[in-house]
Visitor: 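One structure follows; several queries about it will come next.
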Amino acid sequence: MNNNYARGGGGRYPPGIGRGGGGGNYYGNPNPNFQQQKNYQQQQYAQRNPVHHQQFQQQQQWLRRNPVENDSSVVDEVEKTIRSEATDPSSQDWKAQLRLPPADTRYRTEDVTATKGNEFEDYFLKRELLMGIYEKGFERPSPIQEESIPIALTGSDILARAKNGTGKTAAFCIPALEKIDQDSNVIQVVILVPTRELALQTSQVCKELGKHLKIQVMVTTGGTSLKDDIMRLYQPVHLLVGTPGRILDLSKKGICVLKDCAMLVMDEADKLLSPEFQPSVEQLIHFMPTNRQILMFSATFPVTVKDFKDRYLQKPYVINLMDELTLKGITQFYAFVEERQKLDNRGRGTWKMAIVGWKVLPYVTRFF
Ligand SMILES: Nc1ncnc2c1ncn2[C@@H]1O[C@H](COP(=O)(O)OP(=O)(O)OP(=O)(O)O)[C@@H](O)[C@H]1O
């Protein structure tokens with residue numbers, strides 16, 4: 001199991017913060033400490049976002065210099081505005097209209113909880129994208145998302161390493177969806193993955209996060225009908241998810257046009273740079289504009305990844321959230337045993353134990 005958002009029981013956030021906490025939520029807060037908490041959050045936000053905080057302070061100064069008269073016509077006007085905003089889907093009240101899934105109270109390991117405290121709204125994403133993110137049940141970005149999203153939005157190349165199940169998929173899907181211009185009917189993002197199963201999963205995540213956007217997502221992988229893919233490419237496609245061989249094939253035929261593709265994502269980059277895929281990946285890059293952005297995500301950084309980075313990425317931002325390979329929820333033990341206690345290679349290996357959550361699981365128990 002590699003989902004670090006799903007282990008045992010307990011909450012992700014301390015009480016009073018976030019939807020899963022004790023009383024605090026997105027839509028108003030009965031907690032008397034809310035103002036204090038809000039001030040603290042504003043201070044934190046100011047430290048993280050000096051430019052926007054300055055704009056906020058300027059607005060406040062302007063309001064102090066130009067206090068709104070306590071005259072009934074002004075009050076009327078304000079009330080009207082508030083009332084019309086409540087019925088307007090583009091108003092500030094949009095959060096009240098979200099269809100949120102039930103709160104996820106499952107325990108999370110440090111792999112996903114050790115965040116800087118950013119909010120998705122800190123990234124100034126499109127309203128429709130934020131709606132998709134919250135409706136998918138994501139409350140705040142995970143560490144890999146906090147590192148990758150703002151950098152990817154600036155257009156920089158990224159080489160990122162993070163453990164499985166820590167939210168890598170959304171770490172590249174969110175900036176990809178944000179950057180796509182839905183009025184331009186060309187392929188703007190390609191997400192390369194090594195398997196058909198991963199392509200289907202990734203496109204599903206893109207569709208869910210982008211469900212309020214008008215972004216057309218297509219999946220194309222080997223082992224399926226080439227003719228169907230050709231027919232589909234005659235319709236608008238903004239985001240293409242697939243395996244290298246099939247996308248290269250379609251590009252060589254001139255059916256898949258990548259000259260406007262400004263972003264290439266390589267998920268499981270270590271696998272994509274295995275001898276099986278690397279030649280196709282390299283040929284594919286030549287169908288894209290020279291100033292394309294490349295985001296590489298990989299659980300390991302073998303020489304092939306470093307070599308590729310040196311040749312194709314421009315001043316990449318390197319993110320490494322893996323001080324160790326093992327997820328925090330798993331602890332491994334080794335036991336030294338006498339030769340006669342050792343299990344032979346007929347399936348009777350040395351015994352090990354793993355702790356998953358609070359449980360100790362011995363997973364080889366057969367002895368001589
Ligand atoms: N910010 C978030 N808040 C809550 N849940 C999240 C968040 N980001 C991702 N998740 C959920 O965590 C789970 C693991 O995420 P995901 O599959 O993207 O991880 P991954 O690092 O891509 O894993 P893998 O490498 O195994 O594919 C998924 O169920 C996903 O919906």
Side-chain angles (χ1 to χ4, degrees), residues 1-8 10-13 17-21 25-26 98 100-123 125 129-150 152 158-178 191-211 219 241 243 265-272 295-301 305 319-322 324-330:
M1 184 169 78
N2 61 10
N3 186 345
N4 294 295
Y5 287 100
R7 293 192 194 287
R12 180 175 173 194
Y13 302 117
I17 300 182
R19 192 157 48 83
N25 62 29
Y26 289 123
L98 294 174
L100 299 176
D104 184 352
T105 54
R106 292 173 298 178
Y107 173 72
R108 275 106 169 165
T109 67
E110 233 179 84
D111 298 298
V112 292
T113 57
T115 66
K116 299 177 192 166
N118 284 3
E119 302 284 340
F120 283 113
E121 279 161 276
D122 293 347
Y123 307 135
L125 302 169
L129 179 53
L130 277 176
M131 290 166 75
I133 292 172
Y134 291 135
E135 288 191 355
K136 188 143 171 55
F138 296 0
E139 295 169 343
R140 290 174 190 182
S142 70
I144 184 65
Q145 292 163 2
E146 278 186 333
E147 293 298 325
S148 317
I149 296 171
I158 291 180
L159 173 56
R161 186 177 183 201
K163 295 174 196 174
N164 289 333
T166 54
K168 273 183 276 129
T169 313
F172 55 77
C173 289
I174 291 172
L177 292 166
E178 172 64 26
I191 300 179
L192 285 184
V193 293
T195 64
R196 172 166 176 74
E197 193 200 29
L198 191 53
L200 291 170
Q201 277 173 23
T202 306
S203 76
Q204 188 56 32
V205 173
C206 291
K207 285 178 189 164
E208 285 169 14
L209 292 172
K211 73 178 191 188
V219 185
V241 186
T243 46
V265 178
M266 294 168 62
D267 189 16
E268 303 211 352
D270 45 356
K271 296 200 184 80
L272 287 173
L295 312 181
M296 289 172 77
F297 287 78
S298 181
T300 62
F301 279 0
V305 171
I319 299 166
N320 187 356
L321 297 185
M322 283 182 71
E324 51 181 326
L325 270 171
T326 316
L327 291 163
K328 302 280 182 209
I330 296 178

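Every number for a ligand or one of its atoms is a count from 1 in the order of the listing. Given the structure is predicted, the values throughout are model-derived calculations rather than measurements.
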Visitor: Answer yes if the side chains of Glu146 and Tyr123 hold a donor-acceptor pair under 3.5 Å, and no otherwise.
Guide: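 No, because no side-chain N or O of Glu146 sits under 3.5 Å from a partner of the opposite role on Tyr123.
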Visitor: For ligand 1, is there an atom lying under 4.0 Å from some heavy atom of Arg140?
Guide: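 Yes, Arg140 has a heavy atom closer than 4.0 Å to ligand 1.
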Visitor: Heavy atom to atom 15 (O) of ligand 1, shortest distance: which of Cys173, Gly137, Gly167 holds it?
Guide: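 Residue with the shortest heavy-atom distance to the ligand atom: Gly167.
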Visitor: Is it the case that ligand 1 has an N or O less than 3.5 angstrom from some N or O of Glu139?
Guide: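 No - when backbone and side-chain N and O of Glu139 are compared with those of ligand 1, no distance drops under 3.5 Å.
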Visitor: Using heavy-atom distances only, which candidate in Leu198, Ile144, Asn164 approaches atom 25 (O) of ligand 1 most closely?
Guide: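 Checking each option, the heavy atom nearest atom 25 (O) of ligand 1 is found in Asn164.
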Visitor: Shortest non-hydrogen contact from Asp122 to Asn118?
Guide: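 It is OD2-CA, 3.6 Å.
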Visitor: With rounding to the nearest 0.5 Å, note down the distance linking CG in Leu198 to OG1 in Thr243.
Guide: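 Separation between the atoms: 10.5 Å.
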Visitor: With rounding to the nearest 0.5 Å, note down the distance linking CG in Leu98 to CD1 in Ile133.
Guide: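 Here the interatomic distance stands at 11.0 Å.
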Visitor: Please work out which of Val205, Ile174, Asp267, Thr169 has its closest non-hydrogen atom nearest to atom 22 (O) of ligand 1.
Guide: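 Looking at heavy atoms only, the winner is Thr169.
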Visitor: Looking at every non-hydrogen atom in both residues, tell me the closest pair between Val219 and Ser203 and how far apart they are.
Guide: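 Smallest interatomic distance, heavy atoms only, reads CG2-OG, 3.1 Å.
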Visitor: Would you mind running through ligand 1 and noting each atom that sits below 4.0 Å from a heavy atom of Lys163?
Guide: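 Ligand 1 atoms under the 4.0 Å threshold to Lys163: 21 (O).
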Visitor: Is there at least one pair of N or O atoms, one from Phe138 and one from ligand 1, spaced under 3.5 Å apart?
Guide: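 No: no nitrogen or oxygen of Phe138 is under 3.5 Å from one in ligand 1.
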Visitor: Can any side-chain N or O of Ser148 pair as donor or acceptor with the backbone N or O of Gln145 at less than 3.5 Å?
Guide: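 Answer holds: no.
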Visitor: Before signing off on this row, confirm whether Glu268 and ligand 1 have an N or O atom pair separated by under 3.5 Å.
Guide: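 There is no such contact.
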